[in-house]
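Side chains included, hydrogens not; waters and symmetry mates left out as well; all remaining heavy atoms used.
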Amino acid sequence: MSIDFSQYDPTSLSIPAAPFSDPSIIPHFEKGSVPRHVGVIMDGNGRWAKERGWVRTEGHRHAEPVVFDIIAAAIEAGVRYLTLYTFSTENWNRSPSEVRFLMGFSRDIIHRRVDQMNEWGVRVRWSGRRPRLWKSVIDELERAEEITKNNKTIDVVFCINYGGRAEIADAASAIARQVAAGKLKGDRVSEKMIAEHLYNPDIPDCDLVIRTSGEQRVSNFLAWEAAYAEFEFVPELFPDCNREVFWRCIEDYTHRHRRFGKA
Ligand code: IPE
Ligand code: IPE
Ligand code: MG
């Protein structure tokens, strides 16, 4: 199906005006109980559009305001790192027109939202592989990273051309280069060393992964960082999500008992 992109009007969708809710509606989370790092697998856009008889890309378009509602929710809950699965290494297998839409759309969102994120105290980060990713997307991501680099309220990581296995393979390659250069002994490779060669080594492990749309799988998200994460699978399709859905997941997480292998 061909899509007429000239009809695409990014300003037609409602967006949250401010990151701050009426304080009376923000749930009270016990100090120290909120996950430091939350990852979100934003899934179900295509099905949401299909339910309405629309093309899949309409679902992606309607996801934009939800992304910013979730960022606002994370700020209000006191989450320090939020990782958003935006485009996976497997998503290249979609139709050329959908891939083209997702690339252009990601680039445009970063461009038109960078000032808003900057005002909110967001430090924009990118996690993913360079080869194959559109240069214009990388340029916007790097520009946003530069503009927001001193912000400290929350780090928002956009995973674009990201795969958990690709990230580990890339770390292994970097380490192998050091071994080949004689800087490191091959039998001295440790978990710590691999963690230090991930795309954003300063970001701590993921505490909670939320996946929308009812699917209960990982789909190559944060294979290393979420090795000990808690999971929340919510039935809502991503375009139907909002900050209440996010807070519900945080609230549920606060009742989890994480053992990390201890008895
Ligand atoms: C998530 O929604 C967005 C991306 C993976 C880019 P989908 O496009 O996967 O929507 P469904 O899962 O097909 O409904
Ligand atoms: C995971 O969703 C990738 C993103 C949300 C970016 P998919 O829709 O691509 O995953 P599968 O195909 O259902 O596993
Ligand atoms: Mg999907």
Side-chain angles (χ1 to χ4, degrees), residues 34-48 56 59-60 63 66-67 70-71 73-74 77 79-94 98-99 102 106 125-129 131-133 155-173 191-192 194-241 245-261:
V34 173
R36 188 155 59 135
H37 181 179
V38 179
V40 184
I41 303 175
M42 310 184 287
D43 198 16
N45 298 349
R47 277 164 282 164
W48 186 91
R56 293 178 51 82
H60 301 317
V66 180
V67 169
I70 300 300
I71 295 174
V79 170
R80 184 60 187 79
Y81 300 89
L82 177 68
T83 298
L84 301 172
Y85 205 7
T86 308
F87 189 93
S88 74
T89 47
E90 288 70 36
N91 287 148
W92 295 106
N93 297 321
R94 296 191 176 192
E98 184 170 349
V99 167
L102 286 167
S106 304
R125 318 278 301 258
W126 164 47
S127 208
R129 242 187 198 167
R132 207 169 176 186
L133 184 54
D155 285 27
V156 174
V157 187
F158 292 93
C159 288
I160 307 185
N161 196 20
Y162 176 87
R165 288 180 171 181
E167 183 178 28
I168 295 169
D170 288 351
S173 292
E191 289 187 18
K192 184 168 171 278
I194 293 175
E196 283 166 0
H197 287 84
L198 298 176
Y199 296 134
N200 290 297
D202 62 299
I203 298 182
D205 276 355
C206 185
D207 300 300
L208 170 66
V209 173
I210 299 169
R211 183 167 189 150
T212 65
S213 87
E215 303 295 353
Q216 302 193 1
R217 57 175 168 267
V218 175
S219 301
N220 204 9
F221 186 51
L222 302 184
W224 185 276
E225 301 88 335
Y228 243 110
E230 299 292 318
F231 281 78
E232 284 282 337
F233 297 104
V234 304
E236 287 88 348
L237 302 174
F238 189 73
D240 286 328
C241 290
V245 174
F246 187 87
W247 289 335
R248 200 177 72 213
C249 293
I250 302 290
E251 161 65 22
D252 204 58
Y253 171 92
T254 64
H255 302 294
R256 300 287 179 92
H257 183 207
R258 301 181 76 187
R259 282 186 284 274
F260 298 100

Evaluation steps, side-chain hydrogen bond (donor to acceptor under 3.5 Å, both in side chains), between Ser213 and Arg47: CA-CA 9 Å; Ser213 87; Arg47 277 164 282 164; 2.9 Å; yes
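- Side-chain contact check for Leu222 versus Tyr85: every heavy-atom pair is 4.5 Å or farther apart.
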Evaluate side chain to side chain contact (heavy atoms under 4.5 Å, CB included) for Thr86 paired with Tyr162, printing each intermediate quantity in order. CA-CA 8 Å; Thr86 308; Tyr162 176 87; over 6 Å; no
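- Remark: Arg165 does not engage Glu90 in a salt bridge, criterion side-chain N to carboxylate O under 4.0 Å.
- The CD1 atom of Ile203 sits 10.5 Å away from the CG atom of Leu82 when rounded to the nearest 0.5 Å.
- Looking at every heavy atom in both residues, Ala73 comes nearest to Trp247 through O-NE1, 3.2 Å.
- Taking OG1 of Thr89 as the reference point, atom CD of Glu167 lies at 11.0 Å (rounded to 0.5 Å).
- Annotation: the span from His37 atom NE2 to Glu225 atom CD amounts to 7.0 Å, rounded to 0.5 Å.
- Under the 3.5 Å distance criterion, the side-chain polar atoms of Tyr81 are left unmatched by any main-chain donor or acceptor of Asp205.
- Taking the side chain as every heavy atom from C-beta outward, Arg211 and Ser219 approach each other to under 4.5 Å.
- Looking at every heavy atom in both residues, Ile210 comes nearest to Cys249 through CD1-CB, 3.6 Å.
- Using a distance-only test at 3.5 Å, with no hydrogens or angles considered, a donor-acceptor pair links the side chain of Trp126 to the main chain of Ile160.
- At a cut-off of 3.5 Å, with distance as the only test, a side-chain donor of Tyr199 or Asp170 sits close to an acceptor on the other residue.
- Taking the side chain as every heavy atom from C-beta outward, Arg248 and Glu232 never approach each other to under 4.5 Å.
- Once rounded to the nearest 0.5 Å, the distance linking CZ of Phe238 with CD1 of Ile70 reads 5.0 Å.
- When every heavy atom of Pro35 is checked against every heavy atom of Tyr253, the shortest pair comes out as CD-CD2, 3.4 Å.
- Looking only at side-chain heavy atoms (C-beta outward), Asp207 and Arg258 come within less than 4.5 Å of each other.
- Inter-residue side-chain proximity for Val79 and Leu208 is flagged as unmet; no heavy-atom pair is nearer than 4.5 Å.
- Around CZ of Arg36, the count of heavy atoms belonging to other residues, nucleotides or ligands within 6.0 Å does not exceed 12.
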Can Tyr228 and Phe260 be said to form a side chain to side chain contact (heavy atoms under 4.5 Å, CB included), step by step? CA-CA 7 Å; Tyr228 243 110; Phe260 298 100; 3.7 Å; yes
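- With a 4.5 Å cut-off on side-chain heavy atoms, Glu191 and Trp224 count as touching.
- Atom NZ in Lys192 sits 10.5 Å away from atom NE2 in His197 (nearest 0.5 Å).
- Thr212 contributes a side-chain N or O that, together with a main-chain N or O of Asp43, makes up a donor-acceptor pair within less than 3.5 Å.
- Residues Asn161 and Trp92 approach most closely at OD1-NE1, 2.8 Å, considering heavy atoms.
- Put simply, the side chain of Arg125 never gets that close to the backbone of Thr83: no donor and acceptor are under 3.5 Å apart.
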Take Cys159 and Phe221 through the side chain to side chain contact (heavy atoms under 4.5 Å, CB included) test and state the conclusion after the steps. CA-CA 9 Å; Cys159 288; Phe221 186 51; 4.0 Å; yes
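- Nearest heavy-atom pair, Val99 versus Arg94, reported as atom, atom and distance to 0.1 Å: CG2-O, 3.8 Å.
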Apply side chain to side chain contact (heavy atoms under 4.5 Å, CB included) to residues Val38 and Phe246 and explain how you reach the verdict. CA-CA 10 Å; Val38 179; Phe246 187 87; 4.0 Å; yes
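- The two atoms that bring Cys206 and Ala229 nearest to each other are O-CB, 3.4 Å, heavy atoms only.
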